[in-house]
Amino acid sequence: MQYVRFGRSGLRVSRYTLGAMTFGSGEGIWSSIAGLSVDEAKRIISVALENGINLVDSADVYSQGQSETVLGQALKALQVDESKMMVATKVRLRTGSGPNEVGLGRSHIIRTVEKSLQRLQRDHIDLLQLHDRDNLTPLDETLRALDDLVMQGKVRHIGACNFSAAEMVQADGFSQQHGKARFTSNQVHYSLACRDIEFDIAKAAQQSDHALMIWSPLSGGYLSGKYAIKHEDDKQQGRRSKLNFPPVDVARVDPIVDELIAIGREMGCSAATVAHAWLLGRAEVTTVIIGAKNEQQLLQNLEAQTLVLSDEQLQKLNLLSQPAIPYPYWMQLFHDKDRI
């Protein structure tokens with residue numbers, strides 16, 4: 001396993017992060033995503049540890065808190081402390097029916113962190129992330145609450161999730177100006193099916209020295225090929241059969257999947273492994289979050305570490321997955337023609 005510096009922090013994290021979204025057995029959308037018991041989670045965590053993974057990512061809302069509960073019980077049973085496996089979790093989404101059980105206000109953040117610590121059975125969270133933006137709460141209230149938690153030792157590092165480049169720059173500017181804890185990371189969606197971060201988010205992360213954690217590297221499993229089979233009757237059942245998330249432009253992405261399958265056949269591996277290998281080779285990526293429902297899935301994803309794609313294969317994948325150029329970048333390309 002390769003380890004890299006985590007943003008501006010002194011942490012060194014594995015190129016793969018274990019995703020705990022599959023832990024627990026929640027209701028609603030979680031019924032098709034999660035389902036792992038403590039014993040099953042222990043086996044997954046053991047395989048992750050054996051392969052050098054040192055960070056696991058959860059959230060207070062995954063399976064209505066059961067993800068954190070199962071994770072905490074599994075880590076305690078395995079006697080795994082922060083020196084072997086650090087824990088990241090998130091706050092922002094609704095955790096109850098009350099008017100203040102959602103958002104990034106001081107009350108919700110502090111209350112949720114206390115509950116997360118109880119479920120995780122640890123005295124601190126290694127990385128607390130804002131699960132999304134909250135336009136109803138002033139940014140300074142959110143950042144001051146996070147800084148208080150860091151000063152109290154309950155949180156070691158803070159990060160964001162799904163923040164735009166402008167929002168990361170704004171938060172960084174406030175923290176610098178007022179001497180508060182600064183973001184170390186932004187967790188974003190990035191895959192061959194969705195390369196939008198390359199235009200702004202990745203550039204801002206590089207300039208501010210923020211780590212980029214990648215969620216849904218297979219776009220909800222679509223890049224594995226199991227949902228893109230030509231004949232409708234042959235398609236496998238899975239989370240995408242009930243939840244189209246993250247959204248996929250099938251007409252644009254199916255040719256990418258076909259190429260992933262073809263490369264996989266050439267190299268004796270799965271399409272998913274090829275998709276992961278492409279991600280690991282991107283300079284934008286710090287660590288890739290991988291979830292699994294069994295050991296075989298986890299090990300298959302880990303195979304990508306040793307897979308080296310040829311220049312020709314990379315060129316094909318890059319060309320097929322090239323995103324539409326948004327404004328104002330197409331204006332720049334238009335005018336650059338005069339300079340050639």
Side-chain angles (χ1 to χ4, degrees), residues 2 4-7 13-19 21 53 55 57 59 88 90 127 129-133 159-169 183-225 227 239-240 244-250 252-253 255-257 259-260 263 271-292 301-302 304-305 307 309 313-326 329:
Q2 181 185 5
V4 292
R5 188 170 65 89
F6 193 68
V13 302
S14 47
R15 291 303 310 279
Y16 273 122
T17 292
L18 179 63
M21 187 182 283
I53 293 176
L55 178 63
D57 178 72
K90 310 178 193 75
L127 174 66
Q129 303 155 98
L130 307 182
H131 210 155
D132 207 338
R133 289 130 322 151
C161 185
N162 303 316
F163 272 45
S164 69
E167 288 160 340
M168 292 297 288
V169 170
F183 285 150
T184 57
S185 61
N186 190 9
Q187 188 177 140
V188 294
H189 176 43
Y190 186 39
S191 75
L192 278 162
C194 181
R195 294 173 56 185
D196 297 343
I197 72 164
E198 294 175 17
F199 293 103
D200 285 314
I201 292 175
K203 293 175 184 177
Q206 182 180 27
Q207 292 172 359
S208 300
D209 201 7
H210 291 145
L212 287 183
M213 303 177 71
I214 308 306
W215 62 265
S216 201
L218 298 179
S219 286
Y222 199 89
L223 293 177
S224 70
Y227 299 104
R239 56 187 276 191
R240 292 202 70 91
N244 181 29
F245 185 82
V248 168
D249 180 350
V250 173
R252 190 182 72 83
V253 176
I256 301 171
V257 174
E259 186 62 30
L260 289 171
I263 293 174
T273 301
V274 179
H276 275 278
W278 179 86
L279 261 182
L280 289 174
R282 302 295 297 184
E284 297 90 345
V285 174
T286 303
T287 183
V288 178
I289 301 171
I290 49 173
N301 288 330
L302 291 171
Q305 297 176 96
L307 186 67
L309 300 177
Q313 291 167 336
L314 287 171
Q315 186 176 12
K316 286 181 180 178
L317 290 172
N318 289 338
L319 185 61
L320 284 170
S321 64
Q322 185 67 44
I325 301 175
Y329 296 98

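Each residue takes its place number in the sequence, starting with 1.
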So CD1 of Ile214 and CD1 of Ile197: to nearest 0.5 Å the spacing works out to 4.5 Å

Smallest separation among heavy atoms of Asn301 and Tyr16, with atom names
O-OH, 2.9 Å

Looking only at atom types and distance, does a side-chain atom of Ser208 sit under 3.5 Å from a main-chain N or O of His210, one as donor and one as acceptor?
no

Between Trp278 and Leu260, is any pair of side-chain heavy atoms under 4.5 Å apart?
no

Any side-chain heavy-atom pair from Arg15 and Val285 closer than 4.5 angstrom?
yes

Evaluate the side-chain contact (heavy atoms from CB on, under 4.5 Å) criterion for residues Ile290 and Thr17: first the C-alpha distance (whole Å), next the side-chain angles of each, then the deciding distance (0.1 Å), finally the verdict.
CA-CA 6 Å; Ile290 49 173; Thr17 292; over 6 Å; no

Has Tyr190 got a side-chain atom pairing as donor or acceptor with Ala202's backbone, closer than 3.5 angstrom?
no

Heavy-atom pair with the smallest gap, counting every atom of Gly220 and Tyr227:
O-CE1, 3.8 Å

Identify, with sequence neighbours excluded, every residue that meets side-chain contact (heavy atoms from CB on, under 4.5 Å) alongside Glu167.
Arg133, Phe163, Ser164

Quick one: do Lys90 and Asp57 satisfy salt bridge (charged side-chain N to carboxylate O under 4.0 Å, His left out)? Show the steps, please.
CA-CA 9 Å; Lys90 310 178 193 75; Asp57 178 72; 2.7 Å; yes

Checking the side chain of Thr286 only, and the main-chain atoms of Leu212 only, is there a donor and an acceptor separated by less than 3.5 Å?
yes

What pair of heavy atoms forms the shortest contact from Val274 to Leu307, and how long is it?
CA-CD2, 3.9 Å

Closest approach of Ser216 to Ser191 (non-hydrogen atoms, all atoms of both residues)
O-CB, 4.2 Å

Quick check against the 3.5 Å criterion: does Tyr222 have a side-chain atom that pairs as donor or acceptor with the backbone of Val248?
no

For residues Leu280 and Gln2, determine if any side-chain heavy atom of one lies less than 4.5 Å from a side-chain heavy atom of the other.
no

Under 3.5 Å donor-acceptor, Arg252 side chain and Ala193 backbone
yes

Rounded to the nearest 0.5 Å, the NZ atom of Lys316 sits from the CG atom of Asn318 at a distance of 12.5 Å

If I compare all heavy atoms of Ile289 with all of Gly19, which pair ends up nearest, and what's the gap?
CG2-CA, 3.6 Å

Taking all heavy atoms of Phe199 and all of Ala324, pick out the closest pair and write down the distance.
CZ-O, 3.8 Å

For a side-chain contact (heavy atoms from CB on, under 4.5 Å) check, start with the C-alpha distance between Asp209 and Arg5, then their side-chain angles and the critical distance, and finish with the verdict.
CA-CA 10 Å; Asp209 201 7; Arg5 188 170 65 89; 3.0 Å; yes

So for atom CD, which belongs to Gln206, do other residues, nucleotides or ligands contribute more than 12 heavy atoms lying within a distance under 6.0 Å?
no

Any donor-acceptor pair under 3.5 Å from Ser219 side chain to Leu223 backbone:
no

So the salt bridge (charged side-chain N to carboxylate O under 4.0 Å, His left out) pairs with at least one residue in residues 276-285 (sequence neighbours excluded) are Glu198-Arg282, Arg282-Glu284

Which distance, rounded to the nearest 0.5 Å, do you find between the CD1 of Ile263 and the OG1 of Thr273?
12.0 Å

Pair Leu320, Leu192 - check side-chain contact (heavy atoms from CB on, under 4.5 Å), show working.
CA-CA 9 Å; Leu320 284 170; Leu192 278 162; over 6 Å; no

Nearest 0.5 angstrom please: Arg195 CZ to Leu279 CG, how far?
10.0 Å

Going from CG on Leu18 to OG1 on Thr287, what distance comes out if it is rounded to the nearest 0.5 angstrom?
10.5 Å

Evaluate the side-chain proximity of Val188 to Asp196: yes if any heavy-atom separation is below 4.5 Å, no if none is.
no

Within this structure, what is the NE2-SG distance for the pair His189 and Cys161, rounded to the nearest 0.5 Å?
12.0 Å

